[in-house]
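For this chain, numbers begin at 1 and follow the sequence in order. Please read these numbers as outputs of a predicted model, since none were measured by experiment. These values consider heavy atoms only, across backbone and side chains, with no hydrogens, waters or symmetry-generated copies. Atoms within each ligand, like the ligands themselves, are counted from 1 in listed order.
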Amino acid sequence: MMPPGTARRVQGFLDGVPMPMLAVDHRTRVIAANPAAEAMLGGDLIQRPFVTVLRHPAIVAAVDWVLHPDAHDAPATDPALFHPPEGGATLRAQFAADGRDILAEVTVSPLPSIFGRGAMVALHDRSVAEEAEQMRRDFVANVSHELKTPLTAMTGFIETLRGPARDDARARDRFLDIMEGEAARMNRLIHDLLSLSRVQAEERQRPSTKVELGALLRGVVATMTPRAEAAGVDIHAQGLDEVVTLPGDADQLTQVFQNLIENALKYGGAGGFLGLRMERIAHEPMLRGPAWAVTVEDRGDGIEEQHLPRLTERFYRVDTHRARAQGGTGLGLAIVKHIVNRHRGRLKIDSRRGEGSRFVVILPETSSRA
Ligand SMILES: Nc1ncnc2c1ncn2[C@@H]1O[C@H](COP(=O)(O)OP(=O)(O)OP(=O)(O)O)[C@@H](O)[C@H]1O
Ligand SMILES: [Mg+2]
């Protein structure tokens, strides 16, 4: 049915295609599969019946129709998808392969007639793009929600001030104070969002300037001391007098340590202790070179283990209610993580419920790494 050498020629053609692609003969046996198809569907595909390679009824039906259009109903076409060649079909399909759920756009088309009767199946993996799209939707929903809450409160107070509280001077002052606080919260949120998007935009670009880390940390301590005193927390600084110069963006690193210290005061302040330590690591295995570690430590309530991996996600808060009451939006650690990434450093979080938390920022000492 197929001219001799067809499988080899089709294989040679498929090997040059980056997306998973395979070809079947008129009996729906696989005659060729490229490396991308083997990576997705497993090796040893040749000569296997197609239905054992990809058990998806709609894909199998499309292959049957392409091979024998008179014997099968034409599959429904989705106009949003790639337009297949004459006699071919395109569909969206979800299946498990490669140990995960894959969402793919599948194109089934007839082999060129010089090869005899056969079909080609191309799988465009949309899983990662789909996941990114979902994250984007979640992000927009989160931002809208975070803005809507203070806005709703303010609208309510405006109404009250126009109506029942119009002539009540004391109530008016109190409501204006609350409205000021809500406006400040919205302002902070916008500021954090802008700063996050700026950091993300330049994340691939290493800082070209140098910073004196000890001096920078001493500056942050000076800024945060009034707040620590107000929270009844003693700051214990250690090793900050050493003169250490490393590649870094001073404004961004200041933001990193301010965010970490602010968290330690807000969530770990009950312990009355905040440790800030700077020390050298002669060889940091992940960074493959010398590095400096800055540890911010508190003796507060700590964080339960299940939350740790998600702390740096945008808008993630352990106790939404409590964090929000303290003015938190859950962007602080996301900003920290992106800044540390930009510096090609590491962020380690270590905490146990009831025993306090330790956040360690590790920065490479030099910009050149082996
Ligand atoms: N030192 C800490 N001790 C206990 N919990 C912490 C500590 N640091 C952070 N967390 C928890 O991690 C969450 C995320 O922190 P993050 O700094 O990203 O957001 P936030 O402080 O809520 O808001 P923002 O920093 O944007 O004002 C916090 O809401 C809090 O639940
Ligand atoms: Mg914070």
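Protein heavy atom in closest approach to atom 5 (N) of ligand 1: Ile303 CG1, 3.3 Å. Of the protein's non-hydrogen atoms, the one nearest atom 19 (O) of ligand 1 is Gly330 CA, 3.1 Å. Among all protein heavy atoms, the one lying closest to atom 1 (N) of ligand 1 is Asp298 OD2, 2.8 Å. Protein heavy atom in closest approach to atom 27 (O) of ligand 1: Gly328 CA, 3.4 Å. Counting only heavy atoms of the protein, atom 8 (N) of ligand 1 lies nearest to Asn263 CB, 3.4 Å. Regarding atom 12 (O) of ligand 1, its nearest protein heavy-atom neighbour is Leu311 CD2, 3.4 Å. Closest protein heavy atom to atom 14 (C) of ligand 1: Tyr316 O, 3.3 Å. Summary of contacts: the protein heavy atom closest to atom 16 (P) of ligand 1 is Leu333 N, 3.6 Å.
Ligand 1 lies out of reach of Arg188, whose nearest heavy atom is not under 4.0 Å from it. Distances shorter than 4.0 angstrom do not occur between any heavy atom of Gly300 and any atom of ligand 1.
The aromatic rings of Phe95 and His56 sit perpendicular to each other, their planes meeting at more than 60°, with 30° as the lower class boundary.
Side-chain contact between Phe359 and Val336: absent, with no pair of heavy atoms (C-beta onward) separated by less than 4.5 Å.
The CD atom of Glu262 sits 7.5 Å away from atom OH of Tyr267, with the distance rounded to the nearest 0.5 Å.
Residues Leu22 and Leu14 share a closest heavy-atom pair of CA-CD1, 3.7 Å.
In terms of polar-atom proximity, Leu331 is counted as a contact of ligand 1, with an N or O under 3.5 Å from an N or O of the ligand. In terms of polar-atom proximity, defined here as any N/O pair under 3.5 Å, Val318 does make such a contact with ligand 1. At least one N or O atom of Tyr267 sits closer than 3.5 Å to an N or O atom of ligand 1.
At a threshold of 2.8 Å, the Mg ion (ligand 2) has no backbone or side-chain N, O or S atom of Asn259 nearer than that distance.
Using a distance-only test at 3.5 Å, with no hydrogens or angles considered, a donor-acceptor pair links the side chain of Arg29 to the main chain of Gln47. When atom types are taken as modelled, the side chain of Glu304 and the backbone of Gln306 share no donor-acceptor pair closer than 3.5 angstrom.
Each of Glu202, Gln200, Glu203 was evaluated against Arg342; a single residue qualifies, Glu202, per the side-chain hydrogen bond (donor to acceptor under 3.5 Å, both in side chains) test.
For the residue pair Asn142/Glu146, the side-chain donor-acceptor check at 3.5 Å is not satisfied. Judged purely by distance below 3.5 Å, without hydrogens or angles, the side chains of Thr90 and Glu105 never pair a donor atom with an acceptor atom. With no hydrogens or angles considered, a side-chain donor-acceptor pair links Gln11 and Asp15 at under 3.5 Å.
Heavy-atom contacts of Arg317 reach the following atoms of ligand 1: 22 (O), 29 (O) (cutoff under 4.0 Å).
When the heavy-atom distances from atom 25 (O) of ligand 1 to Ala334, Ser357, Gly332 are ranked, the shortest goes to Gly332.
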